S.K.: 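Got a structure for you, questions after.
Basis for what follows: all heavy atoms, side chains included, without hydrogens, waters or symmetry-related copies. Everything numeric here is computed off the predicted structure, so don't read it as measured data. Every chain is numbered from 1 and lettered A, B, ... according to where its sequence line falls, protein lines coming before strand lines.
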Number of protein chains: 2
Amino acid sequence: MKRNIEKEHADVCESVHHHDELVERIAGRMPPEEDLYDLADFFKVFADTTRIKILYVLLCQEMCVCDIADTLKMTQSAISHQLRVLKQMDLVKFRREGKTIFYSLADDHIGSILSQGLEHINE
Amino acid sequence: MKRNIEKEHADVCESVHHHDELVERIAGRMPPEEDLYDLADFFKVFADTTRIKILYVLLCQEMCVCDIADTLKMTQSAISHQLRVLKQMDLVKFRREGKTIFYSLADDHIGSILSQGLEHINE
DNA sequence: TGTTCATATGAACATCTATTCATTTGTTTA
DNA sequence: TAAACAAATGAATAGATGTTCATATGAACA
């Protein structure tokens, strides 16, 4: 499967500065543009400390907004804004009970995504 | 493992607006602040379409900077800047061959991280 | 119904990030 | 050694993102 890139490069690059065939072949194998945007958006959710903290908290148990805020020592507003993002990406769900709204993880394997990240960080 | 949150909330919230015990218990279980920052930084790398595209390209095979740029129809400079980020996070490695520098994935399970992301997106 | 309380939301602001453009570095080869 | 070339880098800019502050919504209860 692996081809002799060096040779290709020597052959082609001297005259035209890039490998037309190679470029076309790989370009043809790329997933659709839209999928790649969705994928980036998905990872964007995990790319913020506040949201990661919220997810870790909810990994332990469901919680209301003010308790999350207290736990993370942040304002209710900041948490609420971030919960909206998590909600939009379907990472959390919620249920109302009187004045209080309880948030919890929407998906069981959110924990495994976080774990895989930690795994990579610890070599 | 799951406790009766509703009851706890009813008991405590009326008087003090939050659950001191609960908050302390969960706060004590959080991973260290620094780990959470590292984790966010890790996911940040995948949170950009250009970097995802580069990783997908390198998933097929190693490539020089100008070919990556041609494949993605972007400038050499933009790609080079992003490769620096990927390099700093140890996601890509490179080898020099004359004037050309070939980049490749540093780690075999980068593909599985991307796959897990896609999996989640497709429900 | 009016007040209280938990949460949501909008605007403003500060910070961060990705790309571009111009230039530099470092290697090859004429 | 000078020219050509691949890649890297720095400064500038435009756009995105997270938090704060003030306010709105919507449910409970007096």
S.K.: Distance criterion of 3.5 Å, no angle test: do you see the side chain of Gln76(A) paired donor-to-acceptor with the base of dA6(C)?
M.R.: no
S.K.: Check every strand shown and say whether Phe94(A) touches a base, only sugar-phosphate, or nothing at a heavy-atom separation below 4.0 Å.
M.R.: nothing
S.K.: For the pair made of CD1 in Ile79(B) and P in dA18(C), what is the distance, rounded to whole Å?
M.R.: 13 Å
S.K.: Can you tell me how far P of dA18(C) sits from CD1 of Ile52(B), to the nearest Å?
M.R.: 12 Å
S.K.: Just how far, in rounded Å, is C1' of dA7(D) from CD1 of Ile54(B)?
M.R.: 13 Å
S.K.: Pull out every protein N or O sitting under 3.5 Å from an N or O of nucleotides 11-14 of chain C, one pair per line with the distance.
M.R.:
none

S.K.: Of Asp70(A), Leu83(A), Ile54(A), which is the lone residue that meets side-chain contact (heavy atoms from CB on, under 4.5 Å) with Val65(A)?
M.R.: Leu83(A)
S.K.: Partners of His109(A) by ring-ring contact (aromatic ring centres under 6.0 Å, His included), sequence neighbours excluded?
M.R.: His120(B)
S.K.: Tell me whether the OP1 or OP2 atom of dA8(D) has a side-chain N or O from Tyr103(B) closer than 4.0 Å.
M.R.: yes
S.K.: Where the side chain of Asp67(B) meets the backbone of His19(A), is there a donor-acceptor pair that is under 3.5 Å apart?
M.R.: yes
S.K.: Could you tell me how far apart Leu83(A) (CG) and dT9(C) (P) are, to the nearest whole angstrom?
M.R.: 11 Å
S.K.: Given atom CD1 of Ile101(A) and atom C1' of dC5(C), what is their separation to the nearest angstrom?
M.R.: 12 Å
S.K.: For dT19(C), does either OP1 or OP2 sit under 4.0 Å from a side-chain N or O belonging to Thr50(B)?
M.R.: yes
S.K.: Indicate the ring-plane relationship of Phe43(B) and Phe43(A), choosing parallel, tilted or perpendicular according to the 30° and 60° boundaries.
M.R.: parallel
S.K.: For Arg96(A) and Arg51(A), take the nucleotide of DNA chain D holding the closest heavy atom to each; which residue's nucleotide lies nearer the 5' end?
M.R.: Arg51(A)
S.K.: How many whole angstroms separate atom CD of Glu62(A) from atom C1' of dA6(C)?
M.R.: 15 Å
S.K.: Glu97(B) CD to dG26(C) C1': how many Å, rounded?
M.R.: 16 Å
S.K.: If you find the nucleotide of DNA chain D closest to Ser77(B) and the one closest to Thr75(A), which residue's nucleotide is nearer the 5' end?
M.R.: Ser77(B)
S.K.: Hey, could you give me each pair passing salt bridge (Lys or Arg N to Asp or Glu O under 4.0 Å) that has a residue in residues 35-50 of chain B? Not counting sequence neighbours.
M.R.: Asp41(B)-Lys44(B)
S.K.: So if I take every side-chain heavy atom of Val65(B) and compare against dA8(D), dT20(C), dA6(C), which nucleotide ends up nearest?
M.R.: dA8(D)
S.K.: Starting from the 5' end of DNA chain C, give me the residue, Lys99(A) or Ser80(A), whose nearest nucleotide shows up first.
M.R.: Lys99(A)
S.K.: Has Gln82(B) got a side-chain N or O lying under 4.0 Å from the OP1 or OP2 atom of dT17(C)?
M.R.: no
S.K.: Separation of Arg84(A) atom CZ from dG10(C) atom P, in whole Å?
M.R.: 7 Å
S.K.: Which residue pairs pass the salt bridge (Lys or Arg N to Asp or Glu O under 4.0 Å) test with at least one member in residues 102-122 of chain B, sequence neighbours excluded?
M.R.: none
S.K.: Does anything in residues 32-45 of chain A come within less than 4.0 Å of DNA chain D? Heavy atoms only, and list the residues if so.
M.R.: Lys44(A)
S.K.: Does the side chain of Arg25(A) reach to within under 4.5 Å of the side chain of Gln61(B), using non-hydrogen atoms?
M.R.: yes
S.K.: If dA30(D) has a Watson-Crick or G-U wobble mate with both distances under 3.5 Å, name it; if not, just say none.
M.R.: dT1(C)
S.K.: Tell me, do Phe102(B) and Leu58(B) make a side-chain contact under 4.5 Å, heavy atoms counted?
M.R.: no
S.K.: Please list, chain by chain and in numerical order, all residues satisfying side-chain contact (heavy atoms from CB on, under 4.5 Å) with Lys87(A), sequence neighbours excluded.
M.R.: Val92(A), Phe94(A), Tyr103(A)
S.K.: Under 4.0 Å between a Lys/Arg side-chain N and an Asp/Glu carboxylate O for Lys93(B) and Glu62(B)?
M.R.: no
